[in-house]
Amino acid sequence: MENKFDATKLNGLSDLLLCKGEIGETLTEIIKKVAPSGKVAFVTTEKNHDEYGKLITSTLAKVNSKTVSIIMPTPVNNTVEYFGALFNLPDDVRAVVVTEGALFRAASYFANVKELPLIFVPVSANLSGTLEKEFFVRNGKTLDLVKGAETMYVVIDESLLSGKIADAYAFNMAKLTTLIDYRAVRGKSADARAYFIAMEGVQGSYTVTKEPIKNRPLCLLYNGLKIAIGGRIDSFINKSSVFAAACLLTGGASPLPKHELFCALKLLELFNESFKIKGMAEVMPDYISRAEKVAETLNVDERQTAEELLKQRTTLKNSIRFIPILNSLKEETCELVSHSKSITGTYFSLSGDKKPIVTATALKYSGDTPIGLNTMSVLRELGITDTPLIKA
């Protein structure tokens, strides 16, 4: 494997500890440091346990550590009730191991509450829903922002990488729009270095088909790491217009990478037209109906949604100040839109799933969700989403 895919080069960019190598040797070295001769929780689903349970158990046994497996039910969901099952683990567990991206948030939340180190051994190049330091968890009809593990190791064994790389490609390329979103909202406070590191990850993913087939999973994983942690924008990703639109498209269920990708491409087209704005549209915002629509679609608390909209209104009370920022991004956005057809073609060439229908409603209301401020929130306040650009 060529050195350009050596993820350990990212160690200086994050507080994550990245280790590339054969899992047996690498994992035992970590356990020697954090839980020698202690109990280690393996958070897994039944199917995953059948595939990797023996490997994890035998590896930990080499340093006299006992594996305590907890089989989580499927389908996985990000709720307080679902996460609660992990608190049935023994109190003397000293570390947590997880291999499935879908279970990452549950394992990370538990590790944070218990102040335990988390060891993530990805078995897929798709990093969707992983490596986040904070994320939203459904608690009844409200969305709680919670923190993930403080100490986190990522062990990369390329021989374990499997699954559809189209998902990894979709997840990475959706960040093309997220990065524009990030700069539009943050303006001068945006971290330029973080942006360019993350954009390098997007560009590296864009050209993945130039790599030999055997190299593609690691290439996408490496570039996904660049985007998520090298760029240090993980706290913004789950508040972006892309993620919000994808959640609305799936009715509040955890969106798949394909939902994020095609929402991202549609939003990029919308940004391309909207960033040419010269002034505010003369419309009267109807915050009540907006909150009602979002709460109904996401099955979340209407009061929480309305309160978030009011916070956004306070933050954006002088929304006209964003116009020069949006204008400054229009040429770059126009250039990125020109790659949409190529991105779509690559996704399908990698055996991607059928393209989802992205609704105007999902795009329009992506600035109204209770997950945070994004570019669509700005366009909502400027009245752009109530013009013929979006018909919903």
Side-chain angles (χ1 to χ4, degrees), residues 1-11 14-72 86 89-90 92-104 106-108 110-111 114 116-127 130-131 149-165 168 212-225 228-229:
M1 187 61 63
E2 299 178 32
N3 286 334
K4 65 179 179 179
F5 297 147
D6 184 357
T8 57
K9 291 182 178 180
L10 293 175
N11 271 327
S14 172
D15 54 357
L16 292 181
L17 301 172
L18 299 166
C19 310
K20 180 174 178 290
E22 196 273 328
I23 183 177
E25 179 181 348
T26 309
L27 188 55
T28 52
E29 286 301 312
I30 295 172
I31 295 300
K32 282 181 184 177
K33 296 178 183 177
V34 301
S37 303
K39 292 179 182 177
V40 178
F42 178 36
V43 182
T44 180
T45 59
E46 186 172 0
K47 182 177 181 295
N48 188 75
H49 188 267
D50 290 343
E51 292 184 35
Y52 302 104
K54 287 184 179 179
L55 174 62
I56 299 298
T57 300
S58 61
T59 299
L60 298 182
K62 293 177 182 178
V63 287
N64 297 319
S65 290
K66 181 181 179 182
T67 304
V68 182
S69 296
I70 179 164
I71 310 296
M72 300 293 284
L86 293 173
L89 284 163
D92 55 350
V93 163
R94 298 176 62 186
V96 182
V97 174
V98 64
T99 60
E100 296 166 272
L103 284 172
F104 180 90
S108 185
F110 173 76
K114 293 291 187 176
L116 301 173
L118 176 68
I119 304 166
F120 178 40
V121 186
V123 294
S124 167
N126 175 23
L127 292 175
T130 70
L131 306 181
E150 285 294 324
T151 302
M152 193 185 306
Y153 297 81
V154 179
V155 179
I156 300 169
D157 183 340
E158 62 196 75
S159 68
L160 298 181
L161 297 179
S162 60
K164 292 173 59 176
I165 64 171
I213 292 176
K214 67 176 183 179
N215 285 12
R216 291 176 186 177
L218 189 57
C219 169
L220 289 169
L221 178 64
Y222 171 68
N223 283 295
L225 287 166
I229 60 173

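All values below come from the heavy atoms of this structure, side chains included, with hydrogens, waters and symmetry mates left out.
- Taking 4.5 Å as the limit, every side-chain heavy atom of Met152 sits out of range of all side-chain heavy atoms of Ile119.
- Judged as a side chain to side chain contact (heavy atoms under 4.5 Å, CB included), and not counting sequence neighbours, the contacts of Thr59 are Leu27, Thr28, Leu55.
- When the side chain to side chain contact (heavy atoms under 4.5 Å, CB included) test is applied to Lys164, the partners found at least two apart in sequence or on another chain are Asp167, Asp353.
- For the 3.5 Å distance criterion, the side chains of Asp157 and Thr26 fail to qualify, holding no donor opposite an acceptor.
- Side-chain contact between Ile165 and Pro217 is present, with at least one heavy-atom pair separated by less than 4.5 Å.
- Of the N and O atoms on the side chains of Ser124 and Asn126, not one donor lies less than 3.5 Å from an acceptor on the other residue.
- Not a single donor-acceptor pair under 3.5 Å links the side chain of Glu100 to the backbone N or O of Asn48.
- In this structure the side chain of Leu131 reaches within 4.5 angstrom of the side chain of Leu225, judged on heavy atoms.
- Scored by the side chain to side chain contact (heavy atoms under 4.5 Å, CB included) test, Ala95 finds Val34, Ala35, Val40, Pro117 as partners (sequence neighbours excluded).
- Take Thr130 and apply the side chain to side chain donor-acceptor pair (under 3.5 Å) test, not counting sequence neighbours, and it matches no residue.
- The minimum heavy-atom distance linking Leu160 with Tyr52 is given by the pair O-OH, 3.8 Å.
- A ring-centre distance under 6.0 Å is found for Phe104 and Phe120.
- Residue pairs meeting the salt bridge (Lys or Arg N to Asp or Glu O under 4.0 Å) criterion with at least one member in residues 31-43, sequence neighbours excluded, are Glu29-Lys32, Lys39-Asp92.
- Judged as a side chain to side chain donor-acceptor pair (under 3.5 Å), and not counting sequence neighbours, Ser162 has no contacts.
- Counting only residues at least two apart or on different chains, the salt bridge (Lys or Arg N to Asp or Glu O under 4.0 Å) pairs with a member in residues 51-67 are Lys47-Glu51.
- Checked against side chain to side chain contact (heavy atoms under 4.5 Å, CB included), Ser58 has no partners two or more places apart in sequence or in another chain.
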